[in-house]
Peer 1: 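Pasting in a structure now, in structure tokens, and then I'll have a few things to ask.
In what follows, every heavy atom counts, from backbone to side chain, and hydrogens, waters and symmetry copies are set aside.
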Protein chains: 2
Amino acid sequence: MSKNQNVSDYKSTKQRNKIIQVLQDAKRPLTAEEIYLLVKDELPSVVISTIYRNMEALKNIIVKTVYNDGKARYALTKEKHTHNLICLKCTKIIAIEKCPLEALEKNLSEQNSFEILEHKLEIYGHCKDCR
Amino acid sequence: MSKNQNVSDYKSTKQRNKIIQVLQDAKRPLTAEEIYLLVKDELPSVVISTIYRNMEALKNIIVKTVYNDGKARYALTKEKHTHNLICLKCTKIIAIEKCPLEALEKNLSEQNSFEILEHKLEIYGHCKDCR
DNA sequence: GATGCAATTGCAACCCGTTTGCATCTAATT
DNA sequence: AATTAGATGCAAACGGGTTGCAATTGCATC
Ligand SMILES: [Mn+2]
Ligand SMILES: [Mn+2]
Ligand SMILES: [Zn+2]
Ligand SMILES: [Zn+2]
């Protein structure tokens, strides 16, 4: 713990700042590998464990979702959260702008005495081109 | 391919039959490890790769979902599909009986020209005991 | 019931996304 | 400039899942 009034002991490093920037610029949740490659463009010496450790360090502002391919995706919490239609044939991903659950969470929460903090929703099927 | 009229070349083995029975008796989606241990009670020589290979062989009647803990859960498709409220503190799992998406899938499908085959929904938060 | 053969299994090695120990570096405070 | 706790790079380890291979078994055919 620090002796002063700082809320956190987190330091501002070039790796961490670039990671946040990459996530801000992202149009969809990114894998650790994707973040790693984008950060590496600017900071060639970065390693992937730095990405993972920052996902943990920044977990208060990041939402993590493990897809069915076994890889986690990371996105900034403040970014408008979207869900995806994922094509099982061509793996194309179509973002859904409006979260279909928003309207339902209140009821769900009350009926089950459960404080809902986050949720994970992906929809799988065949896209227009693959039917 | 077989020469006769069989729809599939799948054999009925004691391992496979027991795996299906375990899934039928399950009250919630099970991990490969959980299935393995339950099958092992009756067939001590079974190995976990047999479980995984059967999850693949039986994929037409099984739905697989990878949770945020990185482990996949397996359930029979024909079983009433449920979703879970998962407590982030005590990992308790509360099943939701009615799928909140059913009502929305039709619209979603039409608006995006996407044939929806399955979906994955988990909700994370704090349960009554952990708030 | 014996034969033939492809599907299945057990076993061990492997894969790959993620985590961790440790020495070094660096941001931030004094 | 000195101090020091947090952050990084690197390499090794972890763990859920996969795979090559030889032996076994279900099942169709005789
Ligand atoms: Mn949502
Ligand atoms: Mn559903
Ligand atoms: Zn497609
Ligand atoms: Zn709880």
Peer 1: Which nucleotide, dG9(D), dT8(C), dT9(C), lies nearest any side-chain atom of Val46(A)?
Peer 2: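 Per side-chain heavy atoms of Val46(A), the pick is dG9(D).
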Peer 1: Rounded to the Å, how far apart are Lys11(A) NZ and dT24(C) P?
Peer 2: 17 Å
Peer 1: Have His119(B) and His83(B) got a donor and an acceptor in their side chains that come within less than 3.5 Å?
Peer 2: yes
Peer 1: Nearest-Å distance, NZ (Lys64(B)) to C1' (dG16(D))?
Peer 2: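 About 10 Å, once rounded to whole Å.
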Peer 1: Can you tell if the side chain of Glu122(A) reaches within under 4.5 Å of the side chain of Glu118(B), non-hydrogen atoms only?
Peer 2: no
Peer 1: For the pair made of CD1 in Ile48(B) and C1' in dC14(C), what is the distance, rounded to whole Å?
Peer 2: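 Between C1' of dC14(C) and CD1 of Ile48(B): 16 Å.
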Peer 1: Can you measure Asp69(B) atom CG to dG17(D) atom C1' for me and round it to whole angstrom units?
Peer 2: 14 Å
Peer 1: Rounded to whole angstrom units, what separation is found between the CZ atom of Arg16(A) and the C1' atom of dC25(C)?
Peer 2: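 These atoms are roughly 14 Å apart.
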Peer 1: Taking for each residue the nucleotide of DNA chain D bearing the nearest heavy atom, is the 5' side occupied by Arg73(B) or by Ser12(B)?
Peer 2: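 The answer here is Arg73(B).
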Peer 1: Would you say the base of dG16(D) and the side-chain of Lys71(B) have a donor-acceptor pair closer than 3.5 Å?
Peer 2: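 Between dG16(D) and Lys71(B), which were checked side chain against base, a qualifying N/O pair under 3.5 Å is absent.
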Peer 1: Assess the residue pair Met55(B) and Ile35(B) against the criterion (side chain to side chain contact (heavy atoms under 4.5 Å, CB included)); give the C-alpha distance rounded to whole Å, side-chain angles, the decisive distance to 0.1 Å, and a yes or no.
Peer 2: CA-CA 10 Å; Met55(B) 294 305 101; Ile35(B) 299 168; 4.1 Å; yes
Peer 1: Just how far, in rounded Å, is P of dA7(C) from CD1 of Ile19(B)?
Peer 2: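 Answer to the nearest Å: 18 Å.
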Peer 1: Report yes if a side-chain nitrogen or oxygen of Thr13(B) is closer than 4.0 Å to either non-bridging phosphate oxygen (OP1 or OP2) of dT9(C); otherwise report no.
Peer 2: yes
Peer 1: Output yes when at least one side-chain N/O atom of Gln15(A) is less than 4.0 Å from OP1 or OP2 of dG9(D), else no.
Peer 2: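 For dG9(D), OP1 or OP2 has a side-chain N or O of Gln15(A) closer than 4.0 Å.
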Peer 1: Whole-Å distance between dT18(D) P and Glu56(B) CD?
Peer 2: 8 Å
Peer 1: Does a side-chain N or O from Tyr52(A) land closer than 4.0 Å to OP1 or OP2 of dT18(C), or not?
Peer 2: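 Indeed, a polar side-chain atom of Tyr52(A) lies that close.
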Peer 1: So what does Ser45(B) hit on the nucleic acid, given a heavy-atom distance under 4.0 Å: a base, only sugar-phosphate, or nothing?
Peer 2: sugar-phosphate
Peer 1: Return the 5'-most residue of the pair Lys14(A), Tyr74(B) with respect to DNA chain D, ranking by each residue's nearest nucleotide.
Peer 2: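 Looking at DNA chain D, the more 5' nearest nucleotide goes with Lys14(A).
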Peer 1: Looking at every non-hydrogen atom in both residues, tell me the closest pair between Phe114(B) and Ile94(A) and how far apart they are.
Peer 2: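 Result for this residue pair: CD1-CD1, 3.8 Å.
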Peer 1: Searching all strands shown, indicate the nucleotide that pairs with dC30(D) (Watson-Crick or G-U wobble; both distances under 3.5 Å).
Peer 2: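 Across any shown strand, dC30(D) pairs with dG1(C).
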Peer 1: Under 4.0 angstrom, heavy atoms only, what part of the nucleic acid is Arg53(B) near: base, sugar-phosphate, or nothing?
Peer 2: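 The residue Arg53(B) makes base contact.
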Peer 1: Using a 4.0 Å heavy-atom cut-off, does Ala72(B) contact any base of the nucleic acid, only the sugar-phosphate backbone, or nothing at all?
Peer 2: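 Sugar-phosphate contact only.
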Peer 1: Looking only at side chains, do Ser12(B) and Asn17(B) share a donor and an acceptor under 3.5 Å apart?
Peer 2: yes
Peer 1: Using whole Å, report how far CG of Asn54(A) lies from C1' of dT18(C).
Peer 2: 15 Å
Peer 1: Just to be sure I understand the rule, does Ser49(B) reach a base, reach only the sugar-phosphate, or reach nothing, if contact means heavy atoms closer than 4.0 Å?
Peer 2: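 It contacts base atoms.
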